[in-house]
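These notes are about the structure you will find just below.
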Amino acid sequence: MVAVLEKIVLKNFSVGGTCDLFHHGVTQDCLHNYSFEFQVGNLYGVVGEFGNGGAALSCGLTGNTDFYEGRIYIDDKEETISNIIKNSWYVGYDLYGSHNPFRRKTIKEQIEAGVRATHCELSAKTIQDMFYVSEERVGRNIKKISGERWKASIAIGYAYGKKIFCYPWMNSRDVEHLKEQMAKNIKILIDNKCVVVLPTTKEENVMKTSTRYNIMYLN
């Protein structure tokens with residue numbers, strides 16, 4: 001992890017490969033030669049149609065694509081993609097990502113492990129409650145909790161001290177269905193000086209999740 005993270009700049013950034021969109025399946029996506037600036041404490045809506053590169057951006061920033069090109073700066077110092085990945089989290093995944101271990105630790109076990117690993121001042125129960133993960137679901141495998149998967153994933157990433165939270169590409173129906181839990185969790189993340197990236201189809205979808213947002217268009 002970098003000691004301080006305030007700003008991330010991507011210059012002439014390209015990324016692509018396989019993207020896990022969960023109930024939309026696994027697809028190929030590519031983002032070619034875009035530049036971005038992200039500052040902590042902000043939500044960034046990356047607006048574009050499916051296939052315009054939003055899925056690839058989220059997957060690439062979290063180390064879940066096959067290739068990347070471009071220059072990366074963290075707090076004005078040039079860094080490698082590995083330093084972004086160490087600080088980032090793909091919303092919907094747990095510690096195992098796309099892998100399927102023989103025994104997957106429960107959400108509670110993973111939050112507790114994160115608190116221990118980072119010497120977090122907050123307890124695992126406090127983080128669970130912060131992100132509204134129910135007692136009924138916290139003792140389960142993340143793949144078996146339906147709509148709570150997103151907030152459980154964020155709770156695990158937060159326990160591990162991640163600062164960049166990237167949602168998978170979402171269409172309007174996805175956001176409409178999840179807007180209440182997304183709004184609560186995004187507020188907590190940006191209040192705690194994280195970067196949140198939400199690739200989606202329309203600016204209105206971003207507006208449903210926060211009043212504090214920045215829009216970036218993919219053409």
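In this text the structure is predicted, and so the values were computed from the model without any measurement.
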How far apart are the C-alpha atoms of Ile111 and Phe131, what are their side-chain angles, what is the distance that settles it, and do they pass the side-chain contact (heavy atoms from CB on, under 4.5 Å) test? CA-CA 12 Å; Ile111 295 172; Phe131 294 103; over 6 Å; no

Mark yes or no for whether Ser153, through its side chain, and Arg149, through its backbone, hold a donor-acceptor pair below 3.5 Å. no

Close side-chain approach of Ile81 to Ile72, heavy-atom, < 4.5 Å: yes

Value for CD (Glu37) from CG (Asn214), rounded to nearest 0.5 Å, stands at 10.0 Å

Looking at Ser88 and Ile84, would you say the former's side chain and the latter's main chain have a donor-acceptor pair under 3.5 Å? yes

Could you walk me through whether Asn205 and Ser172 pass the side chain to side chain donor-acceptor pair (under 3.5 Å) test, one step at a time? CA-CA 6 Å; Asn205 295 338; Ser172 298; 3.2 Å; yes

Is it the case that Thr201 and Glu49 place a side-chain donor and acceptor less than 3.5 Å from each other? no

Pairwise side-chain contact, Phe36 with Met216, heavy-atom cut-off 4.5 Å (strictly under): yes

According to side-chain hydrogen bond (donor to acceptor under 3.5 Å, both in side chains), who are the partners of Ser210, at least two apart in sequence or on a separate chain? none

Checking Asp76 now: which residues fulfil side-chain contact (heavy atoms from CB on, under 4.5 Å) with it, not counting sequence neighbours? Lys7

Side-chain (Lys162) to main-chain (Lys86) donor-acceptor, under 3.5 angstrom: yes

I need the single residue from Thr200, Leu198, Val196 that forms a side-chain contact (heavy atoms from CB on, under 4.5 Å) with Thr209. Which is it? Leu198

What pairs meet the salt bridge (charged side-chain N to carboxylate O under 4.0 Å, His left out) rule with one or both residues in residues 87-105, with sequence neighbours excluded? Asp94-Arg104, Arg103-Glu109

Atom CE in Met130, atom CG in Asp191: separation rounded to 0.5 Å? 9.5 Å

Heavy-atom neighbours of Lys143 NZ exceed 12 at 6.0 Å: yes

Tell me, with the steps shown, if Tyr167 and Met182 meet side-chain contact (heavy atoms from CB on, under 4.5 Å). CA-CA 10 Å; Tyr167 278 88; Met182 291 176 69; 4.0 Å; yes

Is a donor on one side and an acceptor on the other found under 3.5 Å between the side chain of Asn83 and the backbone of Glu79? no

Taking C-beta and beyond as the side chain, do Asn64 and Cys19 meet within less than 4.5 Å on heavy atoms? no

Hey, what do you get for CZ (Arg71) to CG (Leu10), rounding to the nearest 0.5 Å? 12.5 Å

Heavy-atom nearest pair, Phe165 first then Cys194, reads CE1-SG, 3.9 Å

Find out if a path of hydrophobic residues (ILVMFWY) with successive side-chain heavy-atom gaps under 4.5 Å connects Val26 to Ile142. no

Indicate, with yes or no, if the rings of Tyr213 and Tyr44 have centres closer together than 6.0 Å. no

Tyr160 vs Gln110, test: side chain to side chain donor-acceptor pair (under 3.5 Å). Steps then yes/no. CA-CA 9 Å; Tyr160 273 91; Gln110 293 185 58; over 6 Å; no

Which heavy atom of Arg137 sits nearest a heavy atom of Ile107, and at what distance? O-CD1, 3.5 Å

Show which residues join Val9 in its hydrophobic cluster (side-chain heavy-atom contacts under 4.5 Å, direct or indirect), or state none. Tyr73

Can you measure from CD1 (Ile154) to CD1 (Ile127) and round to the nearest 0.5 angstrom? 13.0 Å

Quick check on the 6.0 Å ring-centre criterion: do Phe22 and Trp150 meet it? yes

Heavy-atom nearest pair, Gly45 first then Val206, reads CA-CG2, 3.6 Å

So which atom in Leu178 and which in Met170 form the shortest heavy-atom distance, rounded to 0.1 Å? CD1-CE, 3.9 Å

Evaluate the side-chain contact (heavy atoms from CB on, under 4.5 Å) criterion for residues Ile190 and Arg212: first the C-alpha distance (whole Å), next the side-chain angles of each, then the deciding distance (0.1 Å), finally the verdict. CA-CA 9 Å; Ile190 61 180; Arg212 294 179 285 170; 3.6 Å; yes

So, using side-chain contact (heavy atoms from CB on, under 4.5 Å) as the criterion, who are the partners of Phe50 when residues are at least two apart? Leu21, Thr27, Trp169

Does one side chain, of Glu135 or Gln128, offer a donor that lies under 3.5 Å from an acceptor on the other? yes

Same cluster or not: are Leu61 and Phe67 linked, directly or through other Ile, Leu, Val, Met, Phe, Trp or Tyr residues, by side-chain heavy atoms under 4.5 angstrom apart? no

Between the side chain of Thr62 and the main-chain N/O of Cys59, is any donor-acceptor distance below 3.5 Å? yes

Does the pair Arg173/Glu176 count as a salt bridge with the N-to-O cut at 4.0 Å? no

Are side-chain heavy atoms of Thr106 and Asn141 found at a separation under 4.5 Å? no

Between Tyr90 and Tyr93, what is the ring plane arrangement, given parallel below 30°, perpendicular above 60°, and tilted in between? perpendicular

Donor-acceptor pair between Tyr34 and Asn12 side chains, under 3.5 angstrom: no

Between Asp66 and Gly17, is there a donor-acceptor pair closer than 3.5 Å when you use the side chain of the first and the backbone of the second? no

Do side-chain atoms of Glu69 reach the backbone of His32 as a donor and acceptor pair under 3.5 angstrom? no

Give, for atom CE of Met207 and atom CD1 of Ile215, the distance between the pair rounded to the nearest 0.5 Å. 8.0 Å

Quick check: closest heavy atoms across Asp75 and Glu6, and the distance to 0.1 Å? OD1-N, 2.8 Å

Say whether, by atom type as modelled, one donor and one acceptor occur between the side chain of Glu148 and the main chain of Ser134 under 3.5 angstrom. yes

Quick check: closest heavy atoms across Asp174 and His23, and the distance to 0.1 Å? OD1-NE2, 3.0 Å

Hey, does the side chain of Gln39 reach the backbone of Ile8 with a donor-acceptor pair shorter than 3.5 angstrom? no

Applying side-chain contact (heavy atoms from CB on, under 4.5 Å), can you list everything that pairs with Asp129, at least two apart in sequence or on another chain? Lys125

Please round to the nearest 0.5 Å and tell me the distance separating atom NZ of Lys208 and atom CD of Glu180. 12.0 Å

Determine whether Thr18 and Gln28 satisfy the following criterion, side-chain contact (heavy atoms from CB on, under 4.5 Å), listing intermediate values before the conclusion. CA-CA 5 Å; Thr18 301; Gln28 297 290 315; 2.7 Å; yes

